[in-house]
Amino acid sequence: MPIFTGDQSANTLAGSASADTMSGLGGADTLNGGDGADTLYGHSAGASSAINVSVFATGFSQPVAAAATAADPGFLYVVEKASGIIWRVDAASGARTTFLDIPNAQFLADGERGVLGLAFHPEYESNGRFFVCLTDAQGDIQVREYTRSANPAVANTTFSVVIEVPKQTGESNHNGGWIGFSPEDGYLYIATGDGGGGGDPGNRAQNLNDLLGKILRIDVDGDDFPTDSARNYAIPDDNPFVGIAGADEIWMSGVRNPWRNAFDPRNGDLRR
């Protein structure tokens, strides 16, 4: 089992095809494992160092998502699943104010349902557009577009539906709910669960004509469906099922319940 050990400077350590043990030690290191089952330490393998954490803010009710925007430095936006409130939290003091309060009658919040995801448009500073993923009053997965009001600390309560994914399963679980913009292509990625029920009894995740159990990829700056008020987006030309059998919105299929993902800001890779 190869052992790679850095020193006190900034090292770049690349693993082999074996099961490697990599220790960065003191510098700002980049550790890249190989094909084996690797163990990576940011410090020496035998050190007693620990990851230190501190309380950012407290007192939330079922917080499930958070997002930030470069257009509002020093603030974090926190989503509460069942209340429908999106808080604007001051990172320095922890003080918070209501950015958006979605009426409870507009969504279901039992089980795994609720207000589940938040993403700011890459051009939020200039266009004030942001997006929320929730389970609507019928239990369907819905992505909405909202806008910032004249007061940048408060959102407008009016919205438009960008996309809706019918569940029609009667189950409250496996809604997915994460949404995010790729730093590479600027498209909105939407994670949908398989609809629940345990073991995907409807085989929806493998059904390429069903948007459940998928990662969807859409262009919110275009509209390929101008006569459909519930489909306010365009399809990227390089989505994998454009021009062949399968729903054009699909970017990845066969997922169970992609709850939280993230784009790697260094290279744009989608991770979970």
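Since the structure is predicted, the reported quantities are computational estimates derived from the model, not experimental observations.
Using a 4.5 Å heavy-atom threshold, the side chains of Leu216 and Thr192 count as touching. The side-chain heavy atoms of Ile190 and Ile215, taken from C-beta on, include no pair separated by under 4.5 Å. Between Ile141 and Leu116, the closest side-chain pair of non-hydrogen atoms is not below 4.5 Å. Annotation: side chain of Pro152 is not in contact with side chain of Asp72 (no heavy-atom distance under 4.5 Å). By the 4.5 Å heavy-atom criterion applied to side chains, Phe56 and Val89 are counted as neighbours. Under the 4.5 Å side-chain criterion, counting only non-hydrogen atoms from C-beta, Val220 is in contact with His121. You'll find the side chain of Ser253 reaches within 4.5 Å of the side chain of Leu208, heavy atoms only. Two residues are said to be in side-chain contact when any heavy atoms from C-beta on lie closer than 4.5 Å; Leu118 and Ile86 meet this criterion.
Without hydrogens or angle criteria, Asn261 side chain to Ile179 main chain gives no donor-acceptor distance under 3.5 Å. No side-chain donor-acceptor contact under 3.5 Å links Asp223 to the backbone of Asn232. Between the Asn239 side chain and the Phe241 main chain, no donor and acceptor come within less than 3.5 Å of each other. Using modelled atom types, no side-chain atom of Asn156 and backbone atom of Thr158 make a donor-acceptor pair closer than 3.5 Å. Between the side chain of Lys214 and the backbone N or O of Ala205, at least one donor-acceptor pair lies under 3.5 Å. For the pair Arg260 (side chain) and Val64 (backbone), a donor-acceptor distance under 3.5 Å is present. At distances below 3.5 Å, not a single donor-acceptor pair connects side-chain atoms of Glu112 with backbone N or O atoms of Ser172.
Residue Ile235 is not grouped with residue Tyr187 when hydrophobic side chains (ILVMFWY) are merged at heavy-atom distances under 4.5 angstrom, including chains of intermediate members. Linking Ile, Leu, Val, Met, Phe, Trp and Tyr residues whenever their side-chain heavy atoms come within less than 4.5 Å places Leu211 and Ile218 in a single cluster. A continuous path of Ile, Leu, Val, Met, Phe, Trp and Tyr side chains, each step under 4.5 Å between heavy atoms, connects Tyr124 with Leu100, placing both in one hydrophobic cluster. A single hydrophobic cluster is not seen to contain both Val115 and Ile85; linkage of ILVMFWY side chains at heavy-atom distances under 4.5 Å, directly or through other members, places them apart. Taken together through direct or relayed side-chain contacts under 4.5 Å among Ile, Leu, Val, Met, Phe, Trp and Tyr, Trp178 and Leu188 form parts of separate hydrophobic clusters.
The CZ atom of Phe107 sits 9.0 Å away from atom CZ of Arg144, with the distance rounded to the nearest 0.5 Å. Put simply, CG on Asp101 and OG on Ser83 are 6.5 Å apart, with the number rounded to the nearest 0.5 Å. Atom CD of Gln206 sits about 10.0 Å away from atom CG of Asp194, to the nearest 0.5 Å. Between atom NZ of residue Lys81 and atom CG of residue Leu134 there is a gap of 12.0 Å, rounded to the nearest 0.5 Å. Considering CZ of Arg113 and CG of Asp136, their distance stands at 9.5 Å, rounded to 0.5 Å.
Ring centroids of Trp251 and Tyr189 are separated by less than 6.0 Å, placing the two rings close together. Between Phe131 and Phe120, a ring centre-to-centre spacing not shorter than 6.0 Å is recorded. Residues Phe225 and Tyr233 place their aromatic rings such that the two centres sit under 6.0 Å apart. A distance below 6.0 Å separates the ring centres of Phe130 and Phe99. Here the two rings, on Phe263 and Phe181, have centers that are 6.0 Å apart or farther.
Of all heavy-atom pairs spanning Ala65 and Gly117, the tightest one is CB-CA, 4.4 Å. Shortest non-hydrogen contact noted between Ala119 and Gly180 is CB-CA, 4.1 Å. Of all the heavy atoms in Ala137 and Ala105, the pair that sits closest is CB-O, 3.7 Å. Minimum interatomic distance between Leu212 and Asp210 (heavy atoms only, all atoms of both residues): N-OD1, 2.9 Å. When all heavy atoms of Gly196 and Pro201 are compared, the pair lying nearest together is O-CD, 3.6 Å. When all heavy atoms of Gly94 and Ala57 are compared, the pair lying nearest together is O-CB, 4.1 Å.
Using a 4.0 Å cut-off between a side-chain N of Lys or Arg and a carboxylate O of Asp or Glu, Glu145 and Arg129 qualify as a salt bridge. Note on Asp140 versus Lys167: no salt bridge recorded, every NZ/NE/NH1/NH2 to OD/OE distance being 4.0 Å or above.
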task: Begin with the C-alpha distance, continue with both residues' side-chain angles, and end with the deciding distance and a verdict on side chain to side chain contact (heavy atoms under 4.5 Å, CB included) for Asn257 and Asn173.
output: CA-CA 9 Å; Asn257 188 38; Asn173 64 327; over 6 Å; no
message: Working note: Arg148 + Glu125, criterion salt bridge (Lys or Arg N to Asp or Glu O under 4.0 Å); need CA distance, chi angles, decisive distance, verdict.
response: CA-CA 10 Å; Arg148 182 183 60 219; Glu125 184 171 10; over 6 Å; no
- prompt: Can Leu76 and Trp87 be said to form a side chain to side chain contact (heavy atoms under 4.5 Å, CB included), step by step?
  reply: CA-CA 8 Å; Leu76 183 70; Trp87 297 100; over 6 Å; no
task: Please test Val78 against Phe60 for side chain to side chain contact (heavy atoms under 4.5 Å, CB included), starting from the C-alpha separation and ending with a verdict.
output: CA-CA 9 Å; Val78 178; Phe60 298 106; 4.1 Å; yes
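Gln168 and Arg204 share no side-chain donor-acceptor pair at under 3.5 Å. For the 3.5 Å distance criterion, the side chains of Thr135 and Asn175 fail to qualify, holding no donor opposite an acceptor. With no hydrogens or angles considered, a side-chain donor-acceptor pair links Gln142 and Glu164 at under 3.5 Å. With 3.5 Å as the limit, one finds no donor-acceptor pair spanning the side chains of Asp200 and His174.
The one candidate from Asp185, Asp248, Asp237 that meets the salt bridge (Lys or Arg N to Asp or Glu O under 4.0 Å) condition with Arg217 is Asp185.
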